[in-house]
Amino acid sequence: MTENDFLPGSYGTLPQSGKVTWKAPSNIALVKYWGKRANQIPANPSISFTLDASATTTSVTYQKKEKETSDFSFDILLDGEPKADFKPKIKTFFERIEKYVPFLKSYDFTIETSNSFPHSSGIASSASGMAALALCLMDIEQKVAAEMGNDFFTKKASFLARLGSGSACRSIEGDLIQWGAHESIPESSDLFGIKYPFAVDSVFKNFHDTILLVHKGQKQVSSTVGHDLMHDHPFALKRFEQAHHNLDQLQGVFSNGDLEGFMALVESEALTLHAMMMTSRPSFILMKPDTLEIINKIWAYRAETKVPVCFTLDAGANVHVLYPESVKEQAIQFIQDELVAHCENGHYICDRIGNGARKLQ
Ligand code: DP6
């Protein structure tokens, strides 16, 4: 598919007003997206577990404007309170997607959003937030566009979400989503996420992700700036190649239920992401001392007990502790005994692999 496939045909009569609500989950990348080209095209393919508990719920109320104007008109509320500082990001999003959803300037919108996790938790809400908003807009489009199949609905929602935030395109469906063109993954695309098409052993089916909230403050460097620094990065090309290679490796890991291989690959991806940050010009460090303490404790615990618990990191100091359902009790005990002390105010979130976004009535 190409970008043009997402341009709509003619619309029927636009509804006067209405309200739609969608809940979209966050996701955690196993092979990381870090570096992008123009129009939100990723520099390398990535893959993620869709999460379950960490999610954004967004309602969009739309009211036809008396007279169409040349501006977007929207209000945005977080937990019921006006949130002016979200406006520029939404405006940029609307500008990027307008040609694909040309009814945007016909309405006054009220966007009401809330996250299942505290806003100040340091968990990025852009993936789940942009996914939920894209789904609301697709829901409106579905009412006026000619017959639209579910498959197209999902692909276009992912396509739009990507234009809001790259990783958001992996937050529409579950449970394992791949994004970015890759030679050996048929149907893979730079434009939207797809369900991972190959066999996945049942050991990876009910994976857990306990998110340790090491640092809840604002990040010093945003993902957008971080992606940008990959442009003149001395190791960029090798890194992009490595992501392709790691996706190939994962095929065997997933089909064979190879937990050892999984843990080695996922941890290497996490540390490589942060190594890219540390070797950018200017360089930056998002890990905190407690992030490193946690990593060392996970390694020591695994060496001693052989319990398959591993970690990954997002673009921040928080640590995602990953483990299969079969070792849930031991893993939680270990986390409580040894890791929670490194979390800000002892806070952590128990999450697990989920099935993707859903519409709320
Ligand atoms: C480290 O999707 O937040 O989480 O496209 O600029 O919005 P933008 O970036 P974003 O980057 C996510 C980076 C990451 C890795 C990943 O999720 O693959």
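Each ligand, and each atom within it, is numbered from 1 in the order the structure gives.
No side-chain donor-acceptor contact under 3.5 Å links Tyr100 and Glu141. Using modelled atom types and a 3.5 Å distance limit, the side chains of Thr56 and Asn115 yield a donor-acceptor pair. Side-chain contact of Lys238 with Gln242: a donor-acceptor pair under 3.5 Å is absent, judged by distance alone. Side-chain contact of His215 with Asp290: a donor-acceptor pair under 3.5 Å is absent, judged by distance alone. Counting only N and O atoms by type, the side chains of Thr210 and His208 include no donor and acceptor under 3.5 Å apart. Side-chain polar atoms of Thr21 and Ser59 form a donor-acceptor pair below 3.5 angstrom.
Atoms of ligand 1 lying under 4.0 Å from any heavy atom of Ala29, numbered from 1 in the order shown and given with element: 16 (C), 17 (O), 18 (O). Of all atoms in ligand 1, listed by their number and element, those nearer than 4.0 Å to a heavy atom of Gly166 are 2 (O), 5 (O), 7 (O), 8 (P). Residue contact check: Lys36 has heavy atoms under 4.0 Å from atoms 5 (O), 6 (O), 8 (P) of ligand 1. Listed by number with element, the atoms of ligand 1 under 4.0 angstrom from any heavy atom of Ala315 are 1 (C). Atoms of ligand 1 lying under 4.0 Å from any heavy atom of Thr224, numbered from 1 in the order shown and given with element: 6 (O).
Ligand 1 has a nitrogen or oxygen under 3.5 angstrom from a nitrogen or oxygen of Ser167. Looking at Ser46 next to ligand 1, no N or O pair under 3.5 Å apart turns up. Annotation: Asp314 places no N or O atom under 3.5 Å from an N or O atom of ligand 1; distance criterion only. Of the polar atoms of Lys89, none of the N or O atoms is found under 3.5 Å from an N or O of ligand 1, judged by distance alone.
A salt bridge is defined here as a Lys NZ or Arg NE, NH1 or NH2 lying under 4.0 Å from an Asp or Glu carboxylate O, and Asp85 with Lys87 fails to meet this definition. Using a 4.0 Å cut-off between charged nitrogen and carboxylate oxygen, Lys205 and Glu325 do not count as a salt-bridge pair.
Both the backbone and the side chain of Ser165 come within 4.0 Å of ligand 1, judged by heavy-atom distances. Counting heavy atoms under 4.0 Å from ligand 1, residue Leu273 touches it through the side chain alone.
Atom 11 (O) of ligand 1 has its closest protein heavy atom at His227 NE2, 3.0 Å. Of all protein heavy atoms, the one closest to atom 14 (C) of ligand 1 is Tyr33 O, 3.9 Å.
Judged purely by atom type and a 3.5 angstrom limit, Thr291 uses its side chain to pair as donor or acceptor with the backbone of Ala317. Using modelled atom types, no side-chain atom of Asn44 and backbone atom of Ala243 make a donor-acceptor pair closer than 3.5 Å.
Ranked by closest heavy atom to atom 16 (C) of ligand 1, the top entry among His274, Met276, Lys32, Arg170 is Arg170.
For the ligand labelled ligand 1, residue Arg162 lies outside the 4.0 Å heavy-atom shell.
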